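Below is one structure; the comments refer to it alone.
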Amino acid sequence: MENQKQSGPEPPIKVSTINCIDLSNPDIGESVALLKQACLDCGFFYVVNHGISQEFMAEVFAQSKKFFYLPLNEKLKVLRNEKHRGYTPMFDEVLDPDNQVHGDYKEGYYIGVDVPENDPESEKPFNGPNVWPADGVLPGWRQTMEKFHHEALEVGKAVSRIIALALDLEVDFFDKPEVLGKPIATLRLLHYEDQFSDPAKGIYGAGAHSDFGFITLLATDDVMGLQICKDKDAKPQIWEYVTPIKGAFIVNLGDMLERWSNCMFKSTLHRVLGNGQDRYSIAYFVEPNHDSLVECLPTCRTEKCPPKFPPIRCSTYLSQRYKETHADLSVYDKHQA
C-alpha cells in the first residue's frame, strides 16, 4: 500500500466569486440587484453589516467549542430528540447516501424556537422545548444561544425582504405574520473533526446536498471547507470553495425557495471537505410557519412556464426531508442504557 494516494481535497482548488450584500446600504435597489444576480447564478451570497457584533459572534463560537469539548457521555445526555433538539453525534447525518461510505464527519447541536410542552403549539412537528446542557456544566451557555437565535432571526427577516423585492413581490411578502410570524427557525452548531476528506473514497465532512428550506445563514471560522457546485448536472461536477469572511454570514437559498420561485432562484448543491483541521460553523435555518402554503409565486408563473410543483405545507415538506437524512433515533438506544 506504499503508493496509496494521500487523502485530501481534489486538485485543482477553485475559489468561487460570490456577491456581497451590505444590509446597511441605503441604496436598496443596488442590494436587490446584487441579490437577484446571486440567486439566479448560484444561490449563494455574503451578508455584511447585519447588526450582530463581531464580539458577540466570537462569544457564540467560544461557547459552541466549550460544548463540543465535553466528553461524549456528557454530550449524549442531551441527545437529539424527535423534535430535532439537542446533540447529533458524529456520522448521525447522511446527506449524500449514493456517494458516502458512512455519515458526515461532523457533530452538531440543534436549538429551535422554544415552545413549552403545555402549549398546544408544541404538538406540531419541530415545535417543543429546547434541550440544554445542565447550567452547572456550561454556565451562561443557554443565554448566549437564545440571544443569538433571536438576533439571527432578525437578520433572516431582513434578507427575506430583499428576496421579496428581487422576486417583484411586496417587500413584506415573507416578513409578515402568516409566513415568518411563528417560523420554524433552527440554530445548529457544527464541529467538523480534524479529518482529511477523500471524495474518491466516499469520505466527507458533509456530503453533497442542497438545504431543505427557505434560506440558511452560515457563520464560519477561518478554516476553508465549504464548497459549492453551481451546475449539479455537469459531468464532471465542478466544485469551488467559498472563502470565509470574518463577521459575514454566507447565505444560501434552500429547496423550498427554489420551489416557491418555480425554479427561477437556485438552491445549490454544496458540501464540506475536511483538510485535517478542526472546523467550526454555525448554521441558522430560516423556515416559514408550519401552516404556510408553499406554492408557485404569482410573479414566477406564465403561460409558457406554469407551476412545476403542487402546493405543499411547510411542515409536511420539512418533516419528510429530515426523515430522509437523519439516523433513526433507536440506533442510540445502546448509549442510553
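In what follows, every heavy atom counts, from backbone to side chain, and hydrogens, waters and symmetry copies are set aside. Treat the numbers as computed from the prediction; the structure is a model and nothing was measured.
When side chains are defined from C-beta on, Leu253 does not count as touching Lys266, because their heavy atoms never get closer than 4.5 Å. Side-chain contact between Val294 and Phe309 is absent, with no heavy atoms from C-beta onward closer than 4.5 Å. When side chains are defined from C-beta on, Pro129 does not count as touching Arg85, because their heavy atoms never get closer than 4.5 Å.
When the side-chain contact (heavy atoms from CB on, under 4.5 Å) test is applied to Lys182, the partners found at least two apart in sequence or on another chain are Glu121, Asn289. Partners of Glu193 according to the salt bridge (charged side-chain N to carboxylate O under 4.0 Å, His left out) rule, which considers only residues two or more places apart in sequence or in another chain, do not exist here. Considering only residues two or more places apart in sequence or on other chains, His50 meets the ring-ring contact (aromatic ring centres under 6.0 Å, His included) condition with Phe249.
By the 30° and 60° cut-offs, the orientation of the rings of Phe214 relative to Trp260 is perpendicular. Using bins of under 30°, 30° to 60° and over 60° for the plane-to-plane angle, the ring pair Trp141/Phe67 lands in the tilted bin.
Between Asp41 and Lys230, at least one side-chain N (NZ, or NE/NH1/NH2) sits under 4.0 Å from a carboxylate O, which counts as a salt bridge. Taking a cutoff of 4.0 Å between a charged side-chain nitrogen and a carboxylate oxygen, Glu170 and Lys176 do not qualify as a salt bridge.
Arg313 places a side-chain N or O within donor-acceptor distance of the main-chain N or O of Asp291, the cut-off being under 3.5 Å. A donor-acceptor pair is defined here as one N or O able to donate and one able to accept, closer than 3.5 Å; no such pair exists between the side chain of Glu151 and the backbone of Lys147.
Cation-pi check for Lys65 over Phe61 is not met; the charged atom does not lie both under 6.0 angstrom from the ring centroid and within 45 degrees of its normal.
Residue Lys308 places its NZ atom among more than 12 non-hydrogen atoms of other residues, nucleotides or ligands, all under 6.0 Å distant.
Tracing side-chain contacts under 4.5 Å through hydrophobic residues (I, L, V, M, F, W, Y), one reaches Ile162 starting from Leu297; they form part of the same cluster.
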